[in-house]
Protein chains: 2
Amino acid sequence: MQIDAVDQRIIALLVADARASYADIGTRVSLSAPAVKRRVDRLRSAGVIRGFTAIVDPASVGWTTEAFVELFCAGRTTPAQIGAAVRRHPEVVGAYTVSGEADALVHLRAADIAHLEEALERLRAETFVTSSRSTIVLSRLVESPGVGPSTG
Amino acid sequence: MQIDAVDQRIIALLVADARASYADIGTRVSLSAPAVKRRVDRLRSAGVIRGFTAIVDPASVGWTTEAFVELFCAGRTTPAQIGAAVRRHPEVVGAYTVSGEADALVHLRAADIAHLEEALERLRAETFVTSSRSTIVLSRLVESPGVGPSTG
DNA sequence: TGTGAAACGATTAAATG
DNA sequence: CATTTAATCGTTTCACA
């Protein structure tokens with residue numbers, strides 16, 4: 001899809017505040033509210049903007065424990081298989097196939113260590129998992145929403 | 001802070017759609033729009049809800065390359081120091097201090113391999129970094145916004 | 001904390017340049 | 001593709017239970 005400079009600025013404004021009004025965004029990008037709406041609708045239907053979400057402090061809702069788990073998988077395991085499997089576990093907040101020793105890296109979030117351990121056992125019980133290596137998160141230093149930096 | 005069951009449901013609805021109207025949320029939780037607004041305002045000022053953001057497809061805006069970098073730091077490096085340093089790099093979308101061999105895990109997102117390499121060099125140039133180990137992301141299988149699972 | 005009323009502002013479709 | 005108009009709908013404050 002074609003994204004021009006104005007789209008970029010609209011995206012950046014929505015990443016910064018997903019509840020900003022079209023009129024507000026319009027004044028910042030020198031466009032009328034309907035024009036902004038049409039662009040946002042187009043960006044949404046094109047899949048550039050996937051949705052809008054609230055950023056919640058995990059500790060406030062009782063999920064205080066995090067870990068990254070490297071997964072070592074059986075010879076002929078496909079990324080799709082890994083993806084389908086990890087999506088079944090609600091504790092998985094991120095998962096990636098990676099280069100290097102491990103085959104996949106899974107980001108877990110749980111209520112506490114006991115919950116994390118339980119989730120880990122469930123994950124390791126997936127048939128294609130041959131072994132795993134876990135790293136507990138001690139503190140969160142940065143966690144950006146959206147695409148990251150300038151959205152460009 | 002005190003979070004009751006209604007707050008939980010409001011949070012879940014906002015994680016699902018940050019642009020939902022207070023009236024809409026109100027009908028789903030059996031509350032008037034002003035009541036919902038007051039709760040959301042309270043959750044925001046208490047830091048439970050940190051903000052609202054758009055979820056953008058990174059590929060659509062040209063950031064297609066990702067990596068996780070384990071950072072090994074000099075003896076007396078504090079998490080605050082690491083946090084302050086990594087926040088200066090716009091490619092950093094996540095950073096955590098961790099247990100295990102490495103001291104920190106940094107999640108990077110860049111336009112391409114060249115950009116990633118450049119960001120990596122900048123990161124490794126931080127005075128407290130003694131060594132690093134990078135893992136390139138081959139594919140993204142899962143990436144949940146918000147707090148993760150049920151927000152409860 | 002909750003509600004309803006009321007003023008204000010935002011959204012959205014239609015018509016038009 | 002943008003704009004203006006105009007009806008509709010959402011937001012937000014206020015008085016009150």
Taking OP1 and OP2 of C/dG2, is either one under 4.0 Å from a side-chain nitrogen or oxygen of B/Ser32? no
Any carboxylate oxygen within less than 4.0 angstrom of a Lys/Arg side-chain nitrogen, looking at A/Asp4 and A/Arg9? no
Rounded interatomic separation in angstrom, taking NZ from B/Lys37 and C1' from D/dC9: 17 Å
Check every strand shown and say whether A/Arg42 touches a base, only sugar-phosphate, or nothing at a heavy-atom separation below 4.0 Å. nothing
A/Ala33 or A/Arg19: which one's nearest nucleotide on DNA chain D is closer to the 5' end? A/Ala33
Round to a whole Å and report the spacing from CZ of B/Arg39 to P of D/dT11. 17 Å
Once you apply a heavy-atom cut-off of 4.0 Å, does A/Arg38 come out as touching a base, just sugar-phosphate, or nothing? base
Tell me: OH of B/Tyr22 to P of C/dT3, nearest whole Å? 16 Å
Residues B/His107 and B/Glu91: side-chain donor-acceptor under 3.5 angstrom: no
So, B/Arg87 side chain and A/Leu141 main chain: donor-acceptor pair closer than 3.5 Å or not? yes
Closest heavy-atom pair and its distance - A/Asp7, A/Gln2: OD2-O, 4.0 Å
In whole angstroms, the gap separating C1' of C/dG9 from CG of A/Asp24 amounts to 10 Å
Atom pair distance, as rounded to whole Å: CD1 in B/Ile10 and P in C/dT1: 12 Å
Would you mind reading off the distance between B/Leu31 atom CG and C/dG2 atom P, rounded to a whole angstrom? 5 Å
Whole angstrom value for the distance that separates C1' of C/dT11 from CD1 of A/Ile25: 12 Å
Would you mind telling me which residue lines up with the more 5' stretch of DNA chain C, A/Ala20 or B/Ala35, judged by nearest nucleotide? B/Ala35
